[in-house]
Trainee: 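Sharing a structure below in structure tokens format, with a few things to ask.
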Amino acid sequence: MSHSQPQIDTSPKVSDEIRKTTCYMCACRCGINVHLKDGPDGKRQVAYIEGNRDHPVNKGVLCGKGSAGIMQHLSPARLRAPMKRVGERGSGKFEEISWDEAYDLAVKWLKPIRDTAPEKLAFFTGRDQSQSFTSWWAQAFGTPNYAAHGGFCSVNMAAAGIYTMGGAFWEFGQPDWDNTKLFMLFGVAEDHDSNPIKMGLGKLKKRGAKVIGVNPIRSGYNAIADEWIGITPGTDGLFILSLIHCLLKAGKIDLDYLAQFTNAPVLVNEDPKSPEFGLLLKTEDGRDLVIDRATGKPAPFDGTGVRPDLSGSLRRAGISHRSVFQHIAEKYLAGEYAPEAIAPKIGLSANRINRIAADLARTAFDEAIEIDQPWTDFRGTRHEKMIGRPVSFHAMRGISAHSNGFQTCRALHLLQILLGSVETPGGMRFKPPYPKPATAHPKPHCKVTPGKPLDGPHLGFTQGPDDLALTPEGTPARIDKAFTWENPMSAHGMMHMVISNAHAGDPYKIDTLFMYMANMAWNSSMNTSGVMKMLTDKDDTGEYVIPHIIYSDAYSSEMVAYADLILPDTTYLERHDCISLLDRPICEADAAADAIRWPVVEPDRNVKGFQSALIDLGARLNLPGFVTDTGEQKFKDYADYIVNHERRPGVGPLAGWRVGDGAAETTMQHGRGHPNGAQIDEYIKHGGFWIGHIPEEGLYYKPWNRAYQDWAVKIGLFDKPAPYIFSLWSEPLRRFQLAAEGHGTRQPPDHLRERIKATLTPLPIWYPPLEDGHADPVEYPVHALTQRPMAMYHSWGGQNAWLRQIHGHNPLYVPTKIWEEQKFRDGDWARVSSMHGEITVPVALMAALNENTVWTWNAIGKRKGAWALDDDAPEAKKGFLLNHLIHELLPPKGDGLRWSNSDPVTGQAAWFDLRVRIEKVRAPSRSYPDIPAQASPVPPAPANVTRKVGS
Amino acid sequence: MTELPASTQRKLGLVIDLDTCVGCHACVTACKGWNTENYGAPLADKDAYGAEPVGSFLNRVHSFEVQPESGPAQTVHFPKSCLHCDDAPCVTVCPTGASYKRVEDGIVLVNESDCIGCGLCAWACPYGAREMDPVEQVMKKCTLCVDRIYNENLPEEDRQPACVRTCPAGARHFGDLADPDSDVSRLVAERGGFDLMPEQGTKPVNKYLPPRPRDEDIDVLAPFLQPVAETPSGFLGWLDRALEKL
Amino acid sequence: MHPAASIIAFTTLSGIGFGLLAFLGLGFPRVEGMSAFAFFAIAYLLAVGGLVFSTFHLGHPERALKAFTQWRTSWLSREGWASVLTLVVMAIFAAPLVFFGLRLAPIGWLGALASIGTVYITSMIYASIRSVPRWHHWSTSAMFIAYALSGGALLSGQVTVAIAFLVLTGIGQFAAWKAGDARFAAAGSTAGTATGLGGIGKVRLFESSHSEGNYLTKEMVFVIARKHATKLRSIALVLAFAAPVALLLLPFHHVMAALAVLSHLCGVLITRWLFFAEAEHTVSLYYGRTAA
Ligand SMILES: Nc1nc2c(c(=O)[nH]1)N[C@H]1C(S)=C(S)[C@@H](COP(=O)(O)OP(=O)(O)OC[C@H]3O[C@@H](n4cnc5c(=O)[nH]c(N)nc54)[C@H](O)[C@@H]3O)O[C@H]1N2
Ligand SMILES: Nc1nc2c(c(=O)[nH]1)N[C@H]1C(S)=C(S)[C@@H](COP(=O)(O)OP(=O)(O)OC[C@H]3O[C@@H](n4cnc5c(=O)[nH]c(N)nc54)[C@H](O)[C@@H]3O)O[C@H]1N2
Ligand code: SF4
Ligand code: SF4
Ligand code: SF4
Ligand code: SF4
Ligand code: SF4
Ligand SMILES: [Mo]
């Protein structure tokens with residue numbers, strides 16, 4: 001009998017309609033095509049989600065989470081209505097209420113605060129993608145206590161980049177994937193730019209370009225690196241400075257680039273007695289001074305035709321000055337940075353450091369690329385070609401989540417800049433609105449006037465002691481103590497300190513804690529058990545120490561159980577959002593771009609987009625900007641705000657399809673323009689996003705490139721061209737250091753002087769992670785880290801029926817050395833202890849791991865009762881958090897002080913400084929600590945998922 | 001009919017690049033999404049939010065460690081779905097004829113309405129490429145997205161498997177491995193593509209591209225950078241000379 | 001492999017049932033009338049009962065008839081046909097015997113052959129599976145047949161034959177276990193060949209595709225600790241072979257014979273449990289097994 005086979009339909013209908021919006025499973029914000037089909041009830045239902053090929057971020061691809069978005073949207077853990085707490089805090093017992101009741105309750109708590117002491121509201125918005133809006137609300141309310149999650153996330157990276165070169169890694173910069181030939185990745189498991197990094201690595205692999213992964217753990221991106229450097233955690237700064245040493249010693253640096261585009265030629269005051277000691281010499285009107293090689297005379301750095309001299313020096317008014325570059329040479333040529341000296345500390349051989357330096361030099365200089373594209377710089381000099389140094393770097397929390405992270409990030413930027421590989425072909429490229437130097441950002445504002453808005457934006461970039469957020473008495477003005485002497489450059493605020501400071505009433509007590517999208521009772525807190533206690537602690541009168549907690553979440557998270565009032569959000573497919581140039585847009589190095597989300601399906605529950613709820617609440621509180629002159633609610637909802645709000649004349653949340661000045665006012669234009677009532681429809685019509693390309697001439701050298709600067713002004717990124725040079729020598733740092741040395745009127749407290757002197761150096765340095773100074777390295781010999789799993793987003797992937805099968809619990813991965821020492825076997829458990837606490841968890845072997853490091857996937861462990869999961873779900877039974885071992889404060893060291901476990905410059909939470917001890921124990925039935933269950937405010941989940949919309 | 005065709009006109013299949021796969025599981029969930037909504041019964045998840053969730057997936061990504069003789073251990077992410085074997089043992093064992101290999105393109109499929117859920121084909125597959133749906137109790141396997149690759153309701157560029165379309169790193173390639181000039185055949189030839197468990201005699205159509213050599217010469221004494229000066233003052237002398245040349 | 005109760009019951013019961021049918025077909029014991037009815041009833045109960053058990057294993061038993069279509073390639077399909085044909089042939093032999101005392105001997109011989117053939121075909125369902133090297137060997141069929149014959153002899157009351165078969169089967173089983181233990185390694189599939197990475201170095205699973213179990217791990221990656229296996233093997237040998245032989249050697253008594261049968265049945269159930277539990281599937285190479 002011959003072969004026979006059934007006939008099948010190979011062309012089934014794919015869907016009834018495609019709606020294009022933006023993914024929300026992480027901050028990468030890829031474009032998605034949501035396929036809808038008519039369900040049995042005739043209503044359109046989400047049938048399938050795929051990537052949008054036209055979208056600038058993902059060009060059609062989606063990651064594991066994005067492709068599982070449908071399960072996030074259909075999660076049984078979705079909240080269904082506003083809720084008022086009825087049980088004890090933490091119990092999870094709630095009663096559903098109406099939106100009116102919810103607003104009334106919020107107004108009852110917030111109105112009196114605003115009228116008397118607005119700082120008693122702490123409004124922290126976590127993983128907010130609408131910070132320009134929520135901060136505007138907080139400013140209108142008048143509290144200084146606003147920030148999002150950057151302080152516990154990666155502010156070191158952002159701040160070091162912006163202070164040094166007016167742009168950072170994070171999702172604000174990217175390697176020139178199409179041209180780079182050698183790519184070095186420091187401490188990245190996943191990052192916010194998830195899909196672009198994967199796509200970029202794919203491009204490198206296709207071309208056979210070399211990838212070096214620097215990471216104690218070899219998984220994910222590091223698994224495909226051609227060379228793996230399993231560095232000792234916290235020592236990257238040393239490694240980088242040693243590479244710099246090698247390159248300087250060999251003269252393998254881009255002198256031309258340094259002279260033209262950085263402050264390397266700028267003159268530094270060298271007189272220890274001068275109040276300007278260590279600051280840069282300036283013209284009368286405040287421009288940096290260099291020696292012009294053409295004339296041999298001092299000249300402003302940006303003077304027409306000036307050729308800055310890297311080896312310049314000048315004696316003026318009895319004070320000698322030498323170029324920054326001479327300081328750099330002197331500092332890093334010193335023997336302490338020689339590979340031989342540092343190799344043992346970082347766990348590499350000296351040869352290897354030498355070889356990598358040679359690789360970098362060879363690729364940058366011998367394999368330089370040229371693009372035939374003339375351009376004109378800010379001095380008016382025309383360049384015939386764009387010269388590229390095809391080495392590029394990317395880094396994220398692996399270097400920034402240490403207490404030496406800020407300076408380590410700066411060291412990396414110094415390395416990039418010495419090689420001439422920032423904003424040049426083949427190197428690292430900024431994405432609009434970057435480049436934008438720290439001086440072009442606002443400074444922090446904290447002046448509170450009852451009943452009135454705050455005097456300006458909360459967050460910003462301090463330039464020196466005068467900009468600190470201190471009260472006239474010199475005490476911290478903010479509840480999180482951001483912008484104080486403990487961490488003067490905490491540009492993103494310090495969300496991780498809010499609860500413990502509010503609990504301690506230090507610097508003052510607050511009345512209402514209002515949070516959005518942050519699981520602070522669980523995975524985003526250090527010292528999770530401690531925080532749960534702080535949130536439930538009562539004072540002598542039996543009242544909660546933190547009197548009111550309002551929280552907005554979309555799902556039944558751990559944090560929900562700790563709130564008094566819940567404002568339930570929609571899922572990402574059910575609301576308007578805008579991914580705006582005013583905060584964290586989706587630009588590419590070649591283009592500016594922004595995007596929207598819109599309700600591709602309507603919610604079937606009594607929930608509301610949080611931003612729309614804030615608009616209602618703002619109006620009920622009569623906040624300026626939220627009500628009209630006649631006291632009416634100004635914006636109907638967030639969509640109305642997105643379209644009609646103007647931050648500056650002609651500049652609103654969305655840059656695409658604004659209305660021009662044409663006679664009939666119907667000419668559509670992008671960037672600047674009047675509000676367009678049909679703007680959202682235009683976005684929907686165009687796939688949910690807008691993109692505006694940078695002209696060819698402006699594609700590289702953006703900070704100094706006239707074509708770019710003019711384009712940026714045209715589309716409204718800034719109001720006039722603002723070229724600048726990179727700050728290898730950082731004056732803001734030096735100003736704080738100078739104060740610590742006793743200069744100036746605003747002085748740090750004495751106990752912080754030495755630390756400021758040692759850590760806020762104007763040139764990058766390395767010092768050991770601060771926990772090392774507290775933890776006994778013999779007692780706690782092992783570094784403990786976490787990594788982002790690519791297929792899970794923090795705590796909220798756990799409710800996803802598909803993703804939780806991939807990461808339903810998380811073993812502690814142990815390197816071979818420790819595995820053998822402890823005689824571990826598969827299925828064993830271990831007690832892991834730090835200076836702060838202990839956990840008991842399952843272990844597993846990993847060989848491709850730094851021999852003194854253990855690690856686990858982040859945020860897989862769940863509290864029983866949360867996320868609509870079974871009490872015996874593996875997440876709750878075997879899953880665990882490392883956070884119980886990490887404290888927001890370092891343990892007492894006998895000096896009577898509690899030092900915070902964060903970077904002394906920015907306040908970034910030092911998650912990865914953690915050191916532990918590990919011992920085998922008998923396998924328990926559940927991981928420890930085993931937190932009692934919270935009641936679930938949502939109905940039980942269905943047993944099985946078998947969903948199909950079509951037939 | 002569970003007799004295998006003597007030969008197939010084409011051999012459609014996947015080529016998976018182990019040098020490039022970052023182990024993101026995008027192909028896993030994209031596959032689950034498409035195939036839940038399309039071919040056959042939805043891919044179910046039993047005890048989806050419970051203590052022992054079990055779902056059917058047509059594609060899974062494992063992670064292996066490889067310890068070379070010298071040098072550090074390597075991590076390799078390893079996606080695996082049906083390899084659409086030429087000599088597919090899963091097909092011939094099937095008692096009902098539900099399993100078959102298509103003569104036009106070599107795709108191995110299960111006709112779910114004929115499947116009695118005996119599980120024998122899953123036993124016969126050496127690779128673990130077939131899974132019994134925990135709710136529908138019929139055999140599930142990669143369809144090579146047969147309802148995408150010829151689907152006239154999709155734009156031409158989307159007529160490729162869901163897993164290939166979504167792979168962010170570009171580690172998955174789809175094409176005709178019977179055509180020596182196809183992109184996939186060329187890749188296999190250039191990069192030394194290989195079969196999984198050739199000793200099982202299944203003659204898989206899907207091929208894997210090996211990871212490129214890693215960590216070569218890590219500790220070799222480098223072609224040291226030639227120092228220009230040993231002391232800071234010597235360095236400044238060099239600097240002056242270098243600047244003159246600029 | 002996961003030792004599913006339904007399949008253990010199926011192979012055990014139908015094996016003994018067809019074994020008994022084979023003896024009856026050959027005329028051992030030479031019964032007629034009601035006593036023939038009793039013997040045939042037991043044999044049919046066992047054989048058909050086993051087949052019924054086998055359908056418990058199916059996701060869609062209501063479609064079981066479709067399983068008769070693929071006899072050209074599928075041993076499972078052939079098994080269906082063979083069982084039915086054998087039962088029919090034996091019915092043709094049994095009916096005249098029971099009701100008219102008429103013995104159509106050639107049909108009986110044919111039925112006996114068919115019974116053993118059916119057992120062989122059943123065994124081939126397993127022996128044909130290359131991905132389970134322990135099974136993929138002629139000894140699998142030999143053992144299935146040997147078990148059927150031992151059980152058949154025992155049930156048909158052929159004491160001497162039974163003793164001989166039991167001893168031989170016991171020895172055979174012991175040898176099969178020993179040989180089987182080495183077969184996975186001999187098949188040459190390792191984590192290295194399964195991933196193709198063996199050329200680079202030693203391959204081990206670092207992280208499974210899913211942290212939670214799945215159909216494959218439950219069905220194909222059943223792991224039994226070696227020390228339990230050894231213990232169970234010993235118990236099985238005693239129950240299936242040593243004890244029945246000892247009981248049969250004692251002066252004949254119906255209770256003793258019944259005990260021998262019972263003991264044998266229990267022993268066989270254990271060996272069948274081990275047959276599945278100890279069978280290593282190549283899929284396990286993707287789930288943590290490194291080599292043999
Ligand atoms: N040990 C350790 N801990 C860490 C880290 C680490 O590396 N190691 N990393 C830290 C870092 S960088 C971060 S950013 C934090 C992240 O930690 P979190 O900010 O707590 O992040 P998520 O778990 O995503 O929680 C956000 C909350 O937002 C809710 N949510 C999700 N979607 C929506 C929505 O549409 N609307 C609303 N209103 N709510 C929604 C979720 O249900 C969840 O409760 O974790 C920190 N914690
Ligand atoms: N899939 C997924 N994507 C996400 C998230 C998620 O939860 N899931 N979260 C998002 C968020 S909020 C953030 S902040 C980003 C963070 O993205 P990443 O920066 O990639 O963050 P982590 O996963 O914490 O990875 C830190 C990496 O640094 C390494 N590391 C730790 N210490 C050191 C060190 O001293 N030196 C070096 N060289 N490496 C070190 C760790 O091994 C780890 O690989 O990811 C975002 N993207
Ligand atoms: S990277 Fe993944 S989760 Fe993040 S936005 Fe893109 S598709 Fe969504
Ligand atoms: S989508 Fe691509 S990179 Fe991600 S796991 Fe699958 S094959 Fe690997
Ligand atoms: S991989 Fe397995 S299921 Fe696929 S054709 Fe080959 S044997 Fe059959
Ligand atoms: S499970 Fe279905 S497809 Fe597989 S062998 Fe049995 S009947 Fe055939
Ligand atoms: S080809 Fe289609 S069915 Fe097969 S693994 Fe890829 S997405 Fe899944
Ligand atoms: Mo973060």
Trainee: Could you tell me which portion of P942(A) (side chain, backbone, both or neither) has an atom closer than 4.5 angstrom to a non-hydrogen atom of chain B?
Mentor: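 The answer is both parts of P942(A).
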Trainee: Can you tell which part of L236(B) gets under 4.5 Å to a heavy atom of chain A, answering side chain, backbone, both or neither?
Mentor: side chain
Trainee: Check the surroundings of atom CD in E69(B): do more than 12 heavy atoms from other residues, nucleotides or ligands lie under 6.0 Å from it?
Mentor: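 Open.
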Trainee: Could you have a look at D240(B), D114(B), D158(B) and say which one has the most heavy-atom pairs with chain A under 4.5 angstrom?
Mentor: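 Most pairs with chain A among the choices: D158(B).
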Trainee: Between K249(A) (side chain only) and V228(B) (backbone N and O only), is there a donor and an acceptor less than 3.5 Å apart?
Mentor: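 No, the answer is negative, given that no donor and acceptor are paired below the 3.5 Å cut-off.
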Trainee: More than 12 heavy atoms of other residues, nucleotides or ligands under 6.0 Å from NZ of K46(B): yes or no?
Mentor: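 No, not enclosed.
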Trainee: How close do V103(B) and Q5(A) get, counting heavy atoms only, and between which atoms?
Mentor: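 Shortest heavy-atom separation between V103(B) and Q5(A) comes out as N-OE1, 2.9 Å.
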Trainee: Please classify the contact of R212(B) with chain A as side chain, backbone, both or neither, using a heavy-atom distance under 4.5 Å.
Mentor: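 Contact with chain A: side chain only.
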Trainee: Considering only heavy atoms and a distance below 4.5 Å, find which of R148(B), R60(B), H25(B) pairs most often with chain A.
Mentor: H25(B)
Trainee: Which atoms of I253(A) are under 4.5 Å from chain B, going by heavy atoms: the side chain, the backbone, both sets, or neither?
Mentor: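 The side chain, not the backbone.
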Trainee: Given a strict heavy-atom distance threshold of 4.5 Å, which part of A229(B) is in contact with chain A: side chain, backbone, both, or neither?
Mentor: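 Backbone only.
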Trainee: Count the heavy-atom pairs under 4.5 Å between each of A44(B), A48(B), A6(B), A242(B) and chain A, then report the option with the highest count.
Mentor: A48(B)
Trainee: Counting heavy-atom pairs under 4.5 Å to chain B, which of V949(A), V211(A), L333(A) comes out on top?
Mentor: V949(A)
Trainee: If you count heavy-atom pairs under 4.5 Å with chain B, which of P874(A), A873(A), G220(A), C63(A) comes out on top?
Mentor: G220(A)
Trainee: Any side-chain donor paired with an acceptor under 3.5 Å for S11(A) and N153(B)?
Mentor: no
Trainee: Identify the heavy atoms of R947(A) and P42(B) that sit nearest to each other, and give their distance.
Mentor: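 Reported closest heavy-atom pair: O-CB, 3.6 Å.
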Trainee: Please determine, among A941(A), A847(A), A791(A), the option with the most heavy-atom pairs under 4.5 Å with chain B.
Mentor: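 Highest number of heavy-atom pairs under 4.5 Å: A847(A).
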Trainee: Select one option (side chain, backbone, both, neither) describing which atoms of V54(B) are under 4.5 Å from chain A's heavy atoms.
Mentor: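 When you check distances to chain A, only backbone atoms of V54(B) fall under 4.5 Å.
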Trainee: So, W802(A) versus D45(B): side-chain donor-acceptor pair below 3.5 Å or not?
Mentor: yes
Trainee: Heavy-atom distance under 4.5 Å to chain A: side chain of Q74(B), backbone, both or neither?
Mentor: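 Both parts, backbone and side chain.
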Trainee: Check step by step if salt bridge (Lys or Arg N to Asp or Glu O under 4.0 Å) holds for E227(A) and R214(B).
Mentor: CA-CA 6 Å; E227(A) 180 174 347; R214(B) 305 255 192 261; over 6 Å; no
Trainee: Check whether L248(A) gets within reach of chain B through its side chain, its backbone, both or neither, counting any heavy atom under 4.5 Å.
Mentor: both
Trainee: Mind checking the CG-OH spacing from N944(A) to Y49(B)? Nearest 0.5 Å is all I need.
Mentor: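 These two atoms lie 10.5 Å from each other.
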Trainee: With rounding to the nearest 0.5 Å, note down the distance linking NZ in K206(A) to OG1 in T20(B).
Mentor: 10.0 Å
Trainee: Could you check whether any side-chain heavy atom of N354(A) comes within less than 4.5 Å of a side-chain heavy atom of L225(B), counting everything from C-beta outward?
Mentor: no
Trainee: Could you tell me which of D47(B), T143(B), T231(B) has the largest number of non-hydrogen atom pairs under 4.5 Å with chain A?
Mentor: D47(B)
Trainee: Looking at R293(A), M199(A), Q799(A), which makes the most heavy-atom pairs under 4.5 Å with chain B?
Mentor: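 Top count of heavy-atom pairs under 4.5 Å with chain B: R293(A).
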Trainee: Could you tell me whether E37(B) and K37(A) have a side-chain N and a carboxylate O separated by less than 4.0 Å?
Mentor: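 So E37(B) pairs with K37(A) through a salt bridge.
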Trainee: Look at K877(A), K252(A), M846(A) and state which one has the largest set of heavy-atom pairs under 4.5 Å with chain B.
Mentor: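 Going by pairs under 4.5 Å, I would pick M846(A).
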Trainee: Using non-hydrogen atoms only, which part of L109(B) is less than 4.5 Å away from chain A: side chain, backbone, both, or neither?
Mentor: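 Answer is side chain: those atoms of L109(B) sit under 4.5 Å from chain A.
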Trainee: Distance-only, no hydrogens or angles: does the S67(A) side chain make a donor-acceptor pair with backbone N or O of T29(B) under 3.5 Å?
Mentor: no
Trainee: Does any N or O in the side chain of H77(B) come within less than 3.5 Å of the main-chain N or O of A223(A), such that one atom is a donor and the other an acceptor?
Mentor: no
Trainee: So with a 6.0 Å cut-off around NZ of K11(B), is the heavy-atom count from everything else above 12?
Mentor: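 No - once you tally the heavy atoms of other residues, nucleotides and ligands closer than 6.0 Å, there are 12 at most.
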Trainee: So, taking the atom named OG in S233(B) and the one named CD in Q326(A), what distance separates them when rounded to the nearest 0.5 Å?
Mentor: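 If we round to the nearest 0.5 Å, S233(B):OG and Q326(A):CD are 11.5 Å apart.
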Trainee: Considering only heavy atoms, which portion of D309(A) lies under 4.5 Å from any heavy atom of chain B: side chain, backbone, both, or neither?
Mentor: side chain
Trainee: Dump the intermediate steps for salt bridge (Lys or Arg N to Asp or Glu O under 4.0 Å) on R218(A) and D215(B), then the final yes or no.
Mentor: CA-CA 12 Å; R218(A) 192 177 209 176; D215(B) 307 313; 2.9 Å; yes
Trainee: Please determine if R165(B) and E50(A) form a salt bridge, counting it only when a charged side-chain N lies under 4.0 Å from a carboxylate O.
Mentor: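 A salt bridge is present here (some side-chain N lies under 4.0 Å from a carboxylate O).
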Trainee: Tell me the closest heavy-atom pair linking N151(B) and P12(A), and the distance in Å.
Mentor: ND2-O, 2.9 Å
Trainee: Between W238(B) and L255(A), which heavy-atom pair has the shortest distance, and what is it?
Mentor: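 That would be CH2-CD1, 3.9 Å.
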Trainee: Any salt bridge linking D19(B) with K205(A)? Criterion: basic side-chain nitrogen under 4.0 Å from a carboxylate oxygen.
Mentor: yes
Trainee: Is K65(A) reaching over with its side chain to a backbone N or O of A26(B), donor-acceptor style, under 3.5 angstrom?
Mentor: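 Here the side-chain-to-backbone pair does not exist.
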Trainee: Counting only non-hydrogen atoms closer than 4.5 Å, does A225(A) touch chain B with its backbone (N, CA, C, O), its side chain (CB onward), both, or neither?
Mentor: backbone
Trainee: Side chain, backbone, both or neither: which part of C167(B) has an atom under 4.5 Å from a heavy atom of chain A?
Mentor: backbone
Trainee: If you take all heavy atoms of A51(B) and D872(A), which pair is closest and at what distance?
Mentor: CB-O, 3.4 Å
Trainee: Which atoms of C21(B) come close to chain A, meaning under 4.5 Å heavy atom to heavy atom: side chain ones, backbone ones, both, or neither?
Mentor: backbone
Trainee: Do K13(A) and E152(B) sit within salt-bridge range, that is, some charged N less than 4.0 Å from a carboxylate O?
Mentor: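 No, this pair does not count.
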Trainee: Would the number of heavy atoms belonging to other residues, nucleotides or ligands and lying under 6.0 Å from CD of Q9(B) be above 12?
Mentor: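 Yes, CD of Q9(B) has more than 12 neighbouring heavy atoms, counting only those of other groups under 6.0 Å.
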Trainee: Mind checking the SG-CD1 spacing from C24(B) to I806(A)? Nearest 0.5 Å is all I need.
Mentor: 9.5 Å
Trainee: Side chain, backbone, both or neither: which part of E136(B) has an atom under 4.5 Å from a heavy atom of chain A?
Mentor: neither
Trainee: With only heavy atoms counted, which part of A47(A) is less than 4.5 Å from chain B, the side chain, the backbone, both or neither?
Mentor: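 The answer is both parts of A47(A).
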Trainee: How many angstroms lie between CG in N111(B) and CD in Q7(A), if you round to the nearest 0.5 Å?
Mentor: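 Going from the CG atom of N111(B) to the CD atom of Q7(A) covers 11.5 Å.
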Trainee: Mind listing the closest non-hydrogen atom pair of W34(B) and Y48(A) along with its distance?
Mentor: N-CE1, 3.2 Å
Trainee: Among the options D870(A), I8(A), V61(A), pick out the one with the most heavy-atom pairs lying under 4.5 Å from chain B.
Mentor: V61(A)
Trainee: Taking the side chain as every heavy atom from C-beta outward, state whether D147(B) and T10(A) have any pair of such atoms under 4.5 Å apart.
Mentor: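 Of all side-chain heavy-atom pairs linking T10(A) with D147(B), none is under 4.5 Å.
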Trainee: Mind checking whether E330(A) and F235(B) have side chains closer than 4.5 Å, heavy atoms only?
Mentor: no
Trainee: Side chains of L239(B) and F325(A), heavy atoms from C-beta outward: is any pair under 4.5 Å?
Mentor: yes
Trainee: Under 4.5 Å heavy-atom distance to chain A, tell me which part of A41(B) shows up: side chain, backbone, both or neither.
Mentor: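 Backbone only.
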Trainee: Could you check whether any side-chain heavy atom of L62(A) comes within less than 4.5 Å of a side-chain heavy atom of P168(B), counting everything from C-beta outward?
Mentor: no
Trainee: At a heavy-atom separation under 4.5 Å, does P211(B) approach chain A through its side chain, its backbone, both, or neither?
Mentor: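 When you check distances to chain A, no heavy atom of P211(B) falls under 4.5 Å.
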